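One structure below.
Below, read A as the first sequence line, B as the second, and so on, with proteins coming before strands; counting in each chain starts at 1. Source: prediction; values computed, not measured.
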Amino acid sequence: MSKVLNKSFYTKDLHVLAKALLGKLLVHTLEDGQRISGHIVELEAYAQKDDPASHSFNGKTDRNALMFESPGNLYVYLIYGMYHCCNVVSGPKGLGDAILIRALQPHEGIDIMQENRHIKTATSQAALRNLSNGPGKLSQALSITKEENGLDLCTSNVQIENSNALGDFSISCSRRIGISKGKNLKWRYFIQNNSWVSKAPKGIISFEQP
DNA sequence: CGTGAGATTTCCT
DNA sequence: GGAAATCTCACGT
């Protein structure tokens with residue numbers, strides 16, 4: 001039996017899928033079979049319609065074309081010239097919806113993550129958090145770059161597996177981080193009381209999900 | 001440990 | 001030419 005989530009899992013409403021992905025295991029299997037993985041603890045939803053912050057809001061371009069592909073694909077883009085961000089494509093083919101993975105709780109291949117992040121071996125809680133508590137960080141830790149753009153999460157070396165390793169947890173949502181448009185949408189979902197969730201900046205208030 | 005300002009490349013208009 | 005879904009470092013508490 002495979003734990004890998006199949007295509008049907010991804011054919012959900014954007015927000016239903018976003019919440020369903022929390023706690024799941026994102027795995028990058030290297031060519032030598034080594035697994036690098038972490039549990040998803042924080043993410044943000046981006047929609048084509050009614051969401052000026054989304055890359056796809058102004059329509060399809062060469063850069064964001066993958067957001068319009070079938071759900072269950074990986075969309076990777078470069079931000080601020082130096083960092084990569086991982087997204088899970090959502091919505092039916094032709095609709096530019098996607099979910100940005102913002103933070104992971106490291107699981108397998110932690111030593112490789114430290115190499116990728118150029119962090120000296122450290123066991124402190126702060127050093128572990130620093131491996132993957134942000135979109136650019138987790139992409140670097142899992143060695144995901146433009147090379148991985150457009151991969152199929154069901155059949156490629158990058159997959160998402162079902163997991164209940166985190167046990168029971170509560171989901172909260174808040175306004176999204178680091179954007180200048182669409183600030184009023186509470187489309188950032190995260191696991192409560194998880195150390196890897198990036199702290200909300202001043203002025204962004206978290207609250208219980210209805 | 002928390003807050004604040006600068007850095008730096010790619011893509012789109 | 002300007003914007004961009006961020007990170008890191010420095011400094012104050």
Checklist line | Tyr80(A), nearest nucleotide to its side chain (from dC7(C), dA5(C), dT6(C)) | finding: dT6(C)
Margin query: Whether the side chain of Asp97(A) engages the backbone of Gln48(A) through a donor-acceptor N/O pair (distance < 3.5 Å, no angle test) should be reported.
Written below: yes
Check: For dT10(B), does either OP1 or OP2 sit under 4.0 Å from a side-chain N or O belonging to Lys146(A)?
Finding: no
Next item on the list: Mind calculating the distance between CD1 (Ile79(A)) and C1' (dC7(C)) to the nearest angstrom?
Entry: 12 Å
Checklist line | Nearest-Å distance for atom pair CG/P, residues Leu78(A) and dC12(B) | finding: 12 Å
Next item on the list: Measure from CG on Leu66(A) to C1' on dC11(B) and round the result to the nearest Å.
Entry: 15 Å
Check: Roughly how many Å is it from CE in Met67(A) to C1' in dC11(B), rounded to a whole number?
Finding: 15 Å
Check: Would you say the side-chain atoms of Asp32(A) pair up with the backbone N or O of Gln34(A), donor to acceptor, closer than 3.5 Å?
Finding: yes
Check: Within the distance-only criterion (no hydrogens, no angle test), does the side chain of Asn133(A) pair as donor or acceptor with the backbone N or O of Trp196(A) below 3.5 angstrom?
Finding: no
Checklist line | Side chain of Lys137(A) - closest among dT8(C), dC11(B), dA5(C) | finding: dT8(C)
Note to self: Side-chain N or O of Arg63(A) versus OP1/OP2 of dA4(C): is the shortest distance under 4.0 Å?
What the structure shows: no
Next item on the list: Among dA4(C), dC12(B), dT6(C), find the nucleotide with the atom closest to the side chain of Tyr83(A).
Entry: dT6(C)
Next item on the list: Using a heavy-atom cut-off of under 4.0 Å over every strand shown, decide if Ile179(A) touches base, sugar-phosphate, or nothing.
Entry: sugar-phosphate
Notebook entry, point to check: Nearest to the side chain of Thr61(A), which nucleotide is it out of dA5(C), dC12(B), dA4(C)?
Noted result: dC12(B)
Note to self: From the set dC11(B), dC12(B), dA5(C), return the single nucleotide nearest to any side-chain atom of Tyr77(A).
What the structure shows: dA5(C)
Notebook entry, point to check: Residues in side chain to side chain donor-acceptor pair (under 3.5 Å) with Gln140(A), at least two apart?
Noted result: Arg117(A)
Next item on the list: Kindly indicate whether a cation-pi arrangement holds for Arg63(A) with Tyr75(A), taking the cut-offs as under 6.0 Å to the six-membered ring centre and within 45° of the axis.
Entry: no
Checklist line | Stacked cation flag Lys12(A) on Phe9(A), 6.0 angstrom / 45 deg | finding: yes
Next item on the list: Pick base, sugar-phosphate or nothing for Lys181(A), based on heavy-atom distances below 4.0 Å to the nucleic acid.
Entry: sugar-phosphate
Notebook entry, point to check: Closer to the 5' end of DNA chain C via nearest nucleotide, is it Arg117(A) or Ala53(A)?
Noted result: Ala53(A)
Next item on the list: Identify which nucleotide among dT8(B), dC11(B), dC7(C) has an atom closest to any side-chain atom of Pro135(A), counting heavy atoms from C-beta outward.
Entry: dC7(C)
Check: Atom CZ of Phe57(A) and atom P of dC12(B): how far apart are they, to the nearest Å?
Finding: 17 Å
Check: Do the side chain of Lys186(A) and the main chain of Arg176(A) share a donor and acceptor less than 3.5 angstrom apart?
Finding: no
Notebook entry, point to check: Can a donor-acceptor pair under 3.5 Å be found between the side-chain atoms of His55(A) and the base atoms of dA5(C)?
Noted result: yes
Note to self: Nearest whole Å is fine: how far is dT8(C) C1' from His118(A) NE2?
What the structure shows: 14 Å
Notebook entry, point to check: How many Å lie between CZ on Arg129(A) and P on dT8(C), as a whole number?
Noted result: 13 Å
Next item on the list: Rounded off to whole Å, could you give me the NE2-to-C1' distance for the His84(A) and dC7(C) pair?
Entry: 14 Å
Next item on the list: For Asn58(A), report the nucleic acid contact type (base, sugar-phosphate, nothing); a contact means any heavy atom under 4.0 Å.
Entry: nothing
Next item on the list: Report the residues that fulfil side chain to side chain donor-acceptor pair (under 3.5 Å) with Asn194(A), sequence neighbours left out, ordered by chain and then residue number.
Entry: Gln105(A)
Next item on the list: Whenever both distances are under 3.5 Å in a Watson-Crick or G-U wobble pair, mark it; put DNA chain C into dot-bracket that way, with [ ] for crossing pairs and | when the partner is on another strand.
Entry: ||||.|||||||.
